[in-house]
> 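Take this structure, written in structure tokens, and hold onto it; I'll ask about it next.
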Amino acid sequence: MEAKERTVPPNFIRHVIEEDLRTGKYDGRVVTRFPPEPNGYLHIGHAKSICLNFGLAGEYGGTCHLRFDDTNPGKENIEFVNAIQADLRWLGFDWDRHLYFTSDYFDRLFDYAIALIKMGKAYVDSQSPDEIRQNRGTLKEPGTDSPYRNRTAAENLDLFEKMKTGDFGEGACVLRAKIDMAAPNIVMRDPALYRIRKQPHHRTEGLWCIYPMYDFAHCLSDSIEGITHSICTLEFENNRELYDWILDALNAYHPQQIEFARLNLNYTVLSKRKLITLVAKNHVSGWDDPRMPTISGLRRRGCPPEAIRNFCERIGVARRDSTVDFALLEYCIREELNKKAHRVMAVLNPLRVVIENYPEDQTETLSAVNNPEDAGMGTREIPFSKVFYIEREDFMEDPPKKFYRLAPGREVRLRYAYLVTCTDVIKDGNGNILELRCTYDPATRGGDAPDGRKVKSTLHWVSARHAIDAEVRLYDALFSVENPGAEEDFESVLNPKSVEVLTRCKVEPFLKTAAPGFRCQFERLGYFCVDTRDSSPGKPVFNRIVTLRDTWSKIQKKGKNDS
RNA sequence: UGAGGGUUAGUGUAGUGGUAACACGACGGGUUCUGGCCCCGUUAUCCAAGGUUCGAGUCCUUGACCCUCAGCCA
């Protein structure tokens, strides 16, 4: 009995597809595509688009293509092509045999350009980039025609051929669509279709020195592949008119472009440029730094792919700009991990405790549940002995009213072990607490008192003699303000405490053999993942994926505000 | 003040003329060998103003505010 499928919430794109299915607009086909430019790493914003496109295809029995939009050789490379595919697979998506590259269509695209020239709908402009910009006009004033706008088809054909054979230098000329320099939509003021780039392309190498522009290549690639619904983000809205114009001019198969609002997440940035800056200026350790909103960063942090998919489903799809709460992502991660993660005990800031009435050399083994949410995960044995560690913040010498944990004279439960009572506090000359002395009740083995008495709290612990030393990295938001992207200098608003490295942590022996990538819950603390880069068998390193919901910290904050 | 979009609880989405739904968050409570999970409750009259209608978040009008576009980037 698998978890019931969450019913996918309706959205406007679904409505369009269902209407098209009803009217038979595309003969019942649904073909979408995810078209990344291989010039960077995928991030959570891309995941929204990926889940949308693959999800829609899956739901309506269609297919989703993976197409690398590689029309700009200077910025793209094979490394990104591979990284993107790895991220997609990890996310759980399969494009089967539908892996395409816009560069595969360069010949056909060139022919389409020739066709446009022959129809008198495209011309070679020999103005400089600067002149072209000047003559484009402004948002409110129309542009002016290029002096080369009325070259004959024969002349254009000859010139375009020369562009292709490398007779001109970069920037010397460009192929433009002949539309309308006075068009109210600036995109339509004779947009560039092809430019000269004398750079080797990662796939076609030195074969071409002219490359199609996005507007020309994208619609035609969609057309060639028989895409039905070409889903992209809102900033391409103005380009839709051109998308349609090119396809109509060429009388080509015509998919429909549908735009949706891109994802914005608070306390982080999702713009490629800004992410590059973080990496380039070493604000983070790399693209897969666990604090990065990249797919590789989330993966290394320990975020399960299912959580990302659920998140993308929950945020919905619409056309209005919005910023999703980071708390929702955290919720999705916890939800997934709560069901799947192995529970384990680990002490981050150890405080030594000695049980005075416990036999010196005795060690006993106690049984612990591996996952209370899933009995199938079984139980394990944990060693217990006279000296152990508890979390420093689980003890207070002078506890406030709502503090239920250990305090002088108070009895608490050691999870799966015994009820212990604090009898003494050992301090150094400066008043720092060095160690605690307790007594235990032998009759409470396993954690329950035969006389039925209750304790207010249960603490996690690790036997000192059996503990394994570990490094634990506590991650927090990368930025300290909600909308770092709106800042004049987003680097100035980085959270200085986005990572805290603890090197003297104690974890239970079970973790000795934990493999890189292993996710578990440190009881009462949060979910952690064995780092895939820096962890080694003798010296485990854990990344905190996300904390547990922490009611106590809220009570503490409230207490501070009240007083 | 050119063109194209947008505006429903703190946040994100649903509602397609019949009297506002779901999720997260927040707050309160229950349960508990994780102050976790789980359970229960509270949390909006739909940007504004007019109009059409027996009835409007949904239709019309006017206005306000927000976003995108002047790369030989995508």
Side-chain angles (χ1 to χ4, degrees), chain A residues 6 9-11 15 35-37 39 69 71-72 74-75 125 127-129 132-134 136-143 170-176 182-189 191-197 210-211 213-215 217-218 232-241 259 261 263 266 272 313-332 334-335 338-339 343 345 368-369 372-373 402-405 412-417 419 446-448 454-460 521-527 547-555:
Chain A
R6 210 193 317 279
N11 63 50
H15 293 322
E37 181 187 13
N39 71 341
D69 207 350
T71 58
N72 192 350
K75 292 186 175 176
D125 192 353
Q127 291 181 106
S128 69
I132 288 182
R133 189 181 332 120
Q134 230 110 62
R136 186 152 26 224
T138 68
L139 293 179
K140 284 186 275 187
E141 301 151 20
E170 290 190 12
C173 51
V174 56
L175 183 73
R176 288 230 258 172
N185 179 358
I186 293 186
V187 171
M188 299 301 278
R189 317 240 259 231
L193 266 22
Y194 265 92
R195 79 288 216 186
I196 298 166
R197 281 283 177 281
I210 55 172
Y211 293 89
M213 297 287 292
Y214 165 84
D215 287 304
H218 204 88
C232 61
T233 44
L234 247 30
E235 62 269 31
F236 292 101
E237 231 174 324
N238 297 326
N239 299 55
R240 189 176 62 235
E241 193 178 351
E259 311 86 16
L263 170 69
N266 56 13
K272 220 172 241 183
E313 195 170 282
R314 278 176 214 258
I315 57 178
V317 182
R319 287 178 69 88
R320 74 179 99 142
D321 296 312
S322 60
T323 301
V324 174
D325 243 300
F326 201 85
L328 182 60
L329 212 208
E330 294 189 324
Y331 172 83
C332 292
R334 289 189 189 109
E335 179 190 44
N338 177 51
K339 288 186 295 188
R343 311 289 133 113
M345 291 202 282
V369 173
E373 305 296 317
K402 297 244 176 94
F403 185 86
Y404 301 150
R405 284 110 99 143
V412 298
R413 171 168 36 239
L414 293 179
R415 178 142 235 228
Y416 300 123
L419 259 37
D448 284 308
K454 303 289 182 196
V455 288
K456 292 280 267 184
S457 79
T458 299
L459 309 187
H460 59 276
Q521 180 193 106
F522 286 178
E523 294 216 35
R524 305 210 303 133
L525 298 173
Y527 295 97
T547 62
L548 247 30
R549 234 180 100 232
D550 190 355
T551 306
W552 169 236
S553 75
K554 282 179 198 163
I555 294 170

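All heavy atoms count here, side chains included; hydrogens, waters and symmetry mates do not. Proteins get letters first, then strands, A, B, ... in listed order; numbering begins at 1 in each.
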> Rounded to whole angstroms, how far apart are CD on Glu235(A) and P on U68(B)?
9 Å
> Classify the side chain of Arg413(A) and the base of U34(B) as holding, or not holding, a donor-acceptor pair under 3.5 Å.
no
> Pro129(A) side chain: which of C69(B), C72(B), U34(B) is closest?
C72(B)
> Of the candidate nucleotides G36(B), C73(B), U34(B), which contains the atom at the shortest distance from the side chain of Asn72(A)?
C73(B)
> Under 5.5 Å between ring centres and under 30° between planes: does that hold for Tyr214(A) against the base of A74(B)?
no
> Between Leu328(A) (CG) and A9(B) (P), how many Å, whole number?
17 Å
> Does a side-chain N-to-carboxylate-O contact under 4.0 Å join Glu335(A) and Arg314(A)?
yes
> Round to a whole Å and report the spacing from CZ of Arg320(A) to C1' of G4(B).
19 Å
> If you measure only the distance, is there a donor-acceptor pair under 3.5 Å linking the side chains of His460(A) and Arg524(A)?
yes
> From the list A14(B), G25(B), G35(B), which nucleotide is the closest neighbour of the side chain of Ala327(A)?
G25(B)
> Is any side-chain nitrogen or oxygen of Arg136(A) closer than 4.0 Å to OP1 or OP2 of G71(B)?
yes
> Phosphate oxygens OP1/OP2 of G15(B): is one of them under 4.0 Å from a side-chain N or O of His15(A)?
yes
> Rounded to the nearest angstrom, tell me the gap between atom CD in Glu37(A) and atom C1' in C73(B).
7 Å
> Mind checking whether Phe403(A) and Trp552(A) have ring centres under 6.0 Å apart?
yes
> With distance as the sole criterion, do the side chain of Arg405(A) and the base of G35(B) form a donor-acceptor contact below 3.5 Å?
yes
> The side chain of Asn238(A) is closest to which nucleotide in this list: G35(B), U7(B), G4(B)?
G4(B)
> Check the distance between C24(B)'s P and Glu335(A)'s CD and give it to me in whole angstrom.
8 Å
> Tell whether Arg314(A) reaches the base of U13(B) with its side chain through a donor-acceptor pair below 3.5 angstrom.
no
> Could you tell me the separation between the CG atom of Leu329(A) and the C1' atom of A23(B), rounded to a whole number of Å?
14 Å
> When all nucleic acid strands are considered with a 4.0 Å heavy-atom cut-off, which category describes Leu139(A): base, sugar-phosphate, or nothing?
base
> Provide the Watson-Crick or G-U wobble partner of C59(B), both distances under 3.5 Å; none if there is no partner.
G51(B)
> Under 6.0 Å between the ring centres of Phe522(A) and Tyr527(A)?
no
> Once you round it to whole Å, what is the distance between C1' of U13(B) and CZ of Arg319(A)?
16 Å
> Are the charged groups of Arg195(A) and Glu170(A) less than 4.0 angstrom apart, N to O?
no
> Could you work out the separation of U62(B) and G71(B) based on their C1' atoms and round it to a whole Å?
38 Å
